[in-house]
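Beneath this line is the structure, given in structure tokens, with notes to follow.
Counting starts at 1 for both ligands and their atoms, in listed order. Position 1 is the first residue of the sequence, and the numbers go up from there.
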Amino acid sequence: MSSSKKRGNIYLSGAGPSAWHEEYPVAKGKRQSPVDINTNKTKFDPKLAADPLTIRFSDSCCQSIVNTGISFQVTSNGAGCELSGGPLDSTYQFAQFHAHWGAYLKTTGSEHTVDGVSYPAELHLVHWNTKYDDFKDAVDKPDGLAVIAVFFKRGKEHPGFGKIQDLFSKIPAKGAKVNIDFEFNPGLLMPPDSENYWTYLGSLTTPPLYESVTWIVMKEPLEVSVEQIAILRTLLWETPNGVSQMYNNFRPPVPLRDRVIRASFG
Ligand SMILES: NS(=O)(=O)c1ccc(CCCCO)cc1
Ligand SMILES: [Zn+2]
């Protein structure tokens, strides 16, 4: 078994994201993610406001949390959690949320950037198009997924996210999974104003990098405390030098190519 396979850390094995194209040629494709959102080049689209994005979450949709080896992932059966309107032509069902973050005392961490500026972390709420049978069927289709991205910024504590972080100690290693036996509404993780967003056609930001995602990037970040950002790094992952704290599990922005990022606001 090659060391990169044994140490399945896609960010630290070999040259990391810049080498992904060797195994996944689509990494150099025409609709890859994440991207830098240059606010001078985004285009307001009144149609996005005419048919408002409808985001529905429920108290009973989060079932378990797992250490995927590259992030935490809260998995849902999607009950009562659906996304429609805005840039979407059909109903998408919630499947899971996870996040990406940076290193101690660094400003990087998010995957998307805004005018070249990173946030310390970025949350992804992943949904699949219900025109397909299930997530697995949808995951590699051009209109298969819709992901809501929420930037985290340092500020006041977010008790709701803290409830999820309290479970991190129970999933110390890749593959570890525990049930969530309390009500948690993922809507808690949306910023106060979720009317203003950017949207563009992109991809998964980790291998297999399928070009199947309609991205919906919230303009307003969610405030979490500096301690909560630090707690993200208490999750553990495998590295070529053994098990260590999980951080820098983000892909840096890739070229926008022939795409325009639309804004739901003027
Ligand atoms: N960072 S992301 O939101 O683009 C994202 C979402 C979902 C997956 C899972 C792909 C499973 C392939 O079988 C991978 C990445
Ligand atoms: Zn992600």
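With sequence neighbours excluded, the residues satisfying salt bridge (Lys or Arg N to Asp or Glu O under 4.0 Å) with Arg262 are Asp45.
Between Asp143 and Lys131 a salt bridge is recorded (basic side-chain N to carboxylate O distance below 4.0 Å). Ion pairing of Lys136 with Asp140 is absent here, as no side-chain N (NZ or NE/NH1/NH2) approaches a carboxylate O to less than 4.0 Å.
Ring-plane geometry between Phe57 and His127 is classed as tilted, the angle between the planes lying from 30 to 60 degrees on a 0 to 90 degree scale. Classification of the Phe184-Phe97 ring pair by plane angle, with boundaries at 30° and 60°, yields tilted.
Between the side chains of Glu157 and Gln228, no donor-acceptor pair is found at a separation under 3.5 Å.
Put simply, the angle at the Zn ion (ligand 2) from NE2 in His98 to NE2 in His100 is close to 100°, to the nearest 10°.
For His124, the N/O/S atom at the shortest distance from the Zn ion (ligand 2) is named ND1.
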Trace of the ring pair (Phe, Tyr, Trp, His ring centres under 6.0 Å) decision for Trp20 with Tyr11
CA-CA 9 Å; Trp20 289 351; Tyr11 297 98; 5.6 Å; yes
Could you list, one pair per line, each nitrogen or oxygen of ligand 1 together with any protein nitrogen or oxygen closer than 3.5 Å, giving atom names and the distance rounded to 0.1 Å?
| unit_1 | atom_1 | unit_2 | atom_2 | d |
| --- | --- | --- | --- | --- |
| ligand 1 | 1 (N) | His98 | NE2 | 3.2 |
| ligand 1 | 1 (N) | His100 | NE2 | 3.3 |
| ligand 1 | 1 (N) | His124 | ND1 | 3.4 |
| ligand 1 | 1 (N) | Thr205 | OG1 | 2.8 |
| ligand 1 | 3 (O) | His124 | ND1 | 3.4 |
| ligand 1 | 4 (O) | Thr205 | N | 2.9 |

